[in-house]
Amino acid sequence: MTELKTFKNITCTFCGALCDNIEVKVKDNKIEELKNACAISRKKYEHALKDRTSPMINGEESTYQEVIEKAAEILKNSKNPLIYGLSSTTAEAQKNAVKLAELSGANIDSTSSVCHGPGTMAKQLVGMITATLGEIKNRSDLMVFWGANPVEAHPNHSKRYTMLSEGLFKKNRSDREVIVFDVRKTPTAKMADQFIRVEPGKDFELLMALRLIIQGKKPETEAGKVAGLELAEIEAAAEKLKNARYGSIFYGMGLTMTGAKYMNTWAAMSLIRDLNNDHQRRFVMMPMRGHGNVAGSEITMAWQTGYPFAVNFSKAYPRYNPGEYTAVDLLANKEVDAAFIIASDPAGNLPKKAAAHLKDIPTIILDPHWNFTSDFADVVIPSALKGITASGTVYRMDHVPLHLRSFLEDEWPDDAAAVAQIGELIENA
Amino acid sequence: MTKLKLKLKKENPALIKKGKELIGKIPVEVENIRADLIKKMTLAEIKELEIRAGKEIYQLQDFFEIKGEPAEVIEIDGDLSNFKYLGAAMNSGTIIVNGDIGMHVGSEMSGGKIEIKGDAGDWLGAEMTGGIITVNGDAGNYVGAAFRGDKLGMNRGLIYIGGNAGNFVANKMRRGEIVIKGDCGDMLGAQMIAGSVYVFGKCGKRAGAGMKRGTIITFSDLEILPTFSYNISYFPNFLNIAFKHLQHDYQIEISDQFFNSEYMRYTGDNTELGKGEILIWKKD
Amino acid sequence: MSDNNFILITGRTIKQGMASVSGKKSDNYKKETSYVEVSKNVLQRMNIEEGETVILESEAGSVEVSCKAADLEEDIVFMPYGRIANSLIGTDTGGTGMPNSKSNVVKLIRKEAQTN
Amino acid sequence: MLRLKNAVIYDPTNNKDGVKEDIWIENGKIAAEPKPEVVKELKAADDLEEIDLNGKIVMAGGVDIHSHIAGPKVNSGRVLRPEDHRRDNVARKGKLRSGVGSTVPSSYVTGYRYSLMGYTTVMEAAGPPMKAKHIHEEFGDLPYIDKGFLVLSGNNYFVLKFISENNQQALKDYLAWLINVTGAFGLKVVNPGGVEAWKEGKRMRGIDEKGTHFDLSPKEILLALAKAADDLELPHPIHLHTNDLGSAGNYKTAINTMKLLEDYRLHITHVQFSSYGKNEDSKIKFAMATDEIAAEINRQSKLTVDIGQLVFGEATTMTADGILEYNLHKLSGNKWVNTDVEMETGSGIVPMNYKKKNLVNDIQWATGMELFLKIEDPWKVFLTTDHPNAGPFTAYPWIIKLLMDKNYRKDYISDLNDKFDEYTDLSSLDREYSLSEIAVISRSGPAKALGLKNKGHLGVGADADITIYNNIEDNDIAEVFAHPAYVFKSGKMIVKAGELLDNLEIGKTLVTKPEYDQNIIELIREDFQKYYSISIDNYPVTDHYYDKIEVIPCVTKE
């Protein structure tokens, strides 16, 4: 029997907040004790070693080497494959995946396209004013959550980085005003000083009205209302934004998935830009990134290809176009003839009819755990657990990189190794 | 008139099959099918013209039965809904498609004419700088738009759509005219810089969002953004001239009722320059 | 909007999060992703009991889920993000790559009403 | 062993100005000429490869002292600008990875284009310490060239805190610790105090004003940092982006700064952006101050500068100086990125298009040119475009042509704004750079200023980073420098006949490891744990991030 070993400052990879203060006690390759983990993180660690995948081809058990070779064969023989997922794996695996996409003339897209990709598209139109989380903790006197519900999606976010954190200049909750804009009174809204209910799908109109007021003009509407709100209410909200010295807006899927989609974020980014026009006032914004390393998927893809997601390699160089090379579109239009899913579950997470095409074409999945996609995948490649049995790099929602240390043993290689091996087989074929 | 006639083969390398069942189609990129280039080639060269399906390179004859002779006019039969970049960057000549076509038709074209008898995909005439595109059926999103990150969309030329169009029509448009006989989707003329768009059917949400200059003319009611101002109700003479120009120069039918008629004028987007205008026809 | 049409908001819940990391194929994941939250007033108006199975129908598909009363505005219904909610989401991204995951219109139908 | 025969060598470090000699290469280094009997043996054993250069020009590989090539800011610039890449595609070829180019190229293409131009060492000019892992990750995908990065240290909480507490020892230890844990090569100082002011919603002018929470003037910060860098014997002194950068009349701030730090080693970067006068009577307000700046540089003995030469056309401005980018955004109306990095620094990005007919752009262009021509000693002034701020690095060959050929320069001026001559002296400057002087400003000088003793020259023991150009008599100068005939990196041929060989390799990461008192970690731990958002234990760049590394020793006193 081995001794109890303690690992401090371990990074949890569940969400984009990447809390790096998890304490784990390990004995006999098992987690005995966990500290500082949120409810979701705790479940994640508890479940880590259960429900593990094993090498499978067409529903038959196989060997690791065989599944790797089969994956290479499928990608090589495909005319227009899709590589998708990436946001729950390490930057090292993401880098290798881009190389693999290049080698196999594939389309490569991350879950970002159905998550915060629209924010990145908006950034390409107007730019983005942002900060690292610690800066917001230290300075922000007004925190706005727009279509974001971190209490349920990023449970430790408020304690570590926002409302309840201790900062350099802002010490506690009473030093900060908190406003939540949302279509429903979420648990996050319940923690705020003010909840402003936005009519569903009308975020764009409200953001544009706020911009106008901040520019010193008046919105015009026949009904005297915008997004279900009286003009006076909107003016009062604008006044609060204007009174901030270092304001911050955290935005979630409530902005990126609704109505005007990326143009919502464009409007929000334009609002933030306008708010910075007063010399005394700073204002920043932050996407509430969901998956642990979804930010990393955009970062690694960008330095290798110049583009953040939705990249196509059929011409042996990268091309970019969300709406064309994004997973939902490629699958819904039935344009791809093979798919390699890396650390994701499109059958669970994409619109059902898009995921359905995966059942028709050869599909490979690389994931440590069984999920809805591995259920029908032609090839299942098992993998080590990021941040538990595998090391690597992850990028937080504010692009701060963290190194993952492994503290348990695994029988399977990690994602980075699997992807690299498939790439080598294609390259040397 | 001499013509080059292409007919899509029923069996072609783009088909994705599972056993005998057709389960999808690989995108085919045909930017080499350009009237201005083909007229200078021999038939033998045309047959071997490079065409890309996914990562594989094929020849034109792998996909099409080729008839006629090298000419300034190309006529294509078949369902080309998975074909992209037809006539992209073309500067003269004519392409006629008797069927549907995919994305990027006539993008960056500078002259010539493309006629689509069926539907067209997204990015039709994106960043075009001249020429005429007509679509009898529907068109997709980003008609006459700017590509991702670019500053300027369509900059001269005409796009006519007989059916409906998708979202982001005339996105960042700089110059030229777009005429849509049917409805269009959301974000019409978003971030438009100049030029004119006519929509005879209904417009989706947020028309003119972030527009700087330019004119959107519609003939049915429209939800106006709070960042636009109601300006005036008047009889714009310039519209009469514009309609006549569309009738004479492009043979576009325009009902008499729209001439010498009253229009409501809104200006915006007031968060930007505010010099764009939306004209809404006032039914008597 | 007609009386039983609502905007479907899909989103994360802490229990859905906990369940999703505890095995996608567990009963618990199914449980945490197969209900719809509806405003109390709407339930009352439609004469639906809490816990009752209802049918949600969108252009993309339809699902049967159980009903929860919630402190919600009457124009929306809420479902935890997951496989079942995704049956209701269409694939048209409008050229953006992003489907309408939070702005789909769904029709809420009492299952009993239908079978009867 | 490799022998490059019949080379015409321009190696200013070793006083070789067009000397016809052979160059011998062994184990990646320049070797002494072996004795005849050894040559015989090598030949017999087929261990001697010979390339006849037929009188081609040979210089050490180019050294870029200041360029933005990797890390969070550069990458954010890539994401920001799909339009920058769309028409400039590089397809996969052999082992060479694909990518995109233009002003913010992808990592692979950045390495290719430097190599194709004969540059073999590049210093990434500014890295936020907290995101250093990202820089090193990108370095792993940046082929061929040797590279290092300068860590931002002019506005860091602990820097400002220790200076305000007058604790020079702690400052020195902290800086040394920072360089060690971030894997940096040296210290970058950007608008000291001014970035903190930007975060606090304040504006500071000059170097005397105090304004921020820390109640320090830029002057106090500059003195403390310059002293610490000297005391640590860093190979490269503080690398300074001056206060008030980019604004009309800022030359006074630059000169005050130069005078303030006269007794210390100092490198002022992209000095072109710090050399503007102000003319209240003129519509554009902008004026030249190249006489004043050049005179001060000529007067000083330790000071070096690089230019940051403006290039007409597309550029992507990016700097840790957040307020500067805000100003550029207001000026241009272009898209604007700002990222404040907690406890350390800021940053901003704005795309720009410099236009030939724009008088302000013309003055900026002429400022760079005039400084090149008015600074007498080429060992004090280095070729940069502050890539991609004033223009892309791929413009270096064109700038070299402008410096070497006064007639070309005059022709070029005729394309600019009609009023050009009313605002500038450039038309009256007749100086032309010699090949030797070009070798100084593009390799020997920067290598010396960086303290890289094995770079920038072709003496025995130097790294065999060698660039071979066609002669300039029969060819266009810009063409010669844009397309070297051969490039050798660490003794291996990587470019032949203007084409990259497809043997993809990753170069070395250059770091320094100054010594410090370990107690510094305990001294900063409490504030770090409270006010950073990550643990201090997760802050250091671990060995996972280094592939090939070279530690440059901290010795400045001979």
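A, B, ... follow the sequence lines: proteins, then strands. Residue 1 opens every chain.
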Pair count under 4.5 Å, heavy atoms only, with chain D: among A/T130, A/V400, A/V126, A/T11, highest is A/T130

Just give me the residue among D/Y326, D/Y532, D/Y539 that pairs up with chain A most often, heavy atom to heavy atom, under 4.5 Å. D/Y326

Most contacts with chain A, counted as non-hydrogen pairs under 4.5 angstrom, among D/L142, D/V100, D/N538: D/N538

Is A/R396 close to chain D through its backbone or its side chain, or both, or neither, when contacts mean heavy atoms under 4.5 Å? side chain

Heavy-atom proximity to chain D below 4.5 Å, by part of A/N21: neither

Among D/D527, D/V104, D/D537, D/V341, single out the residue with the greatest number of heavy-atom pairs under 4.5 Å to chain A. D/V341

Do the ring centers of D/H85 and A/Y320 come within less than 6.0 Å of each other? no

Side-chain donor-acceptor pair present, A/K123, D/S76, cut-off under 3.5 Å: yes

Side chain from CB out, backbone as N, CA, C, O: work out which of these in D/T542 comes under 4.5 Å of a heavy atom of chain A, or both, or neither. side chain

Using modelled atom types and a 3.5 Å cut-off, is there a donor and acceptor pairing between side-chain atoms of D/K199 and backbone atoms of D/T345? yes

Should we count CZ of A/R405 as having more than 12 external heavy atoms under 6.0 Å? yes

Look at A/Y317, A/W303, A/F169 and state which one has the largest set of heavy-atom pairs under 4.5 Å with chain D. A/W303

Side-chain heavy-atom pair A/N321, D/R86 within 4.5 angstrom cut-off: no

For chain D, the option from A/L125, A/L103, A/N277 that forms the most heavy-atom pairs under 4.5 Å: A/N277

Salt bridge check: are D/E137 and D/K133 linked by an N-O gap of less than 4.0 Å? no

Supply the atom-to-atom distance A/N9 CG to D/I536 CD1, rounded to the nearest 0.5 angstrom. 10.5 Å

Under a 4.5 Å heavy-atom cut-off, does chain D meet the side chain of A/K171, its backbone, both or neither? side chain

Heavy-atom pairs under 4.5 Å with chain A are the metric here; pick the option from D/G201, D/G348, D/S347, D/P105 that has the most. D/G201

Taking A/Y246, A/Y395, A/F313, A/Y161 one by one, which has the highest count of heavy-atom pairs under 4.5 Å against chain D? A/Y395

Can you tell me which of A/T393, A/I136, A/D278 forms the most heavy-atom pairs within a distance under 4.5 Å of chain D? A/T393

For the interface with chain A, which of D/P82, D/G99, D/S107 has the highest count of heavy-atom pairs at distances below 4.5 Å? D/P82

Modelled atom types, side-chain donor and acceptor of D/D141 and A/Q304, under 3.5 Å: yes

Using side-chain contact (heavy atoms from CB on, under 4.5 Å) as the criterion, point out the one residue from A/T90, A/N293, A/D414 that pairs with A/L404. A/T90

Between A/E92 and A/K99, does any NZ, NE, NH1 or NH2 come within less than 4.0 Å of an OD or OE carboxylate oxygen? no

If you tally heavy-atom pairs under 4.5 Å against chain A, which of D/M343, D/R203, D/E200, D/M130 wins? D/R203

When heavy-atom pairs shorter than 4.5 Å are enumerated against chain D, which of A/T120, A/L133, A/I299 gives the highest number? A/I299

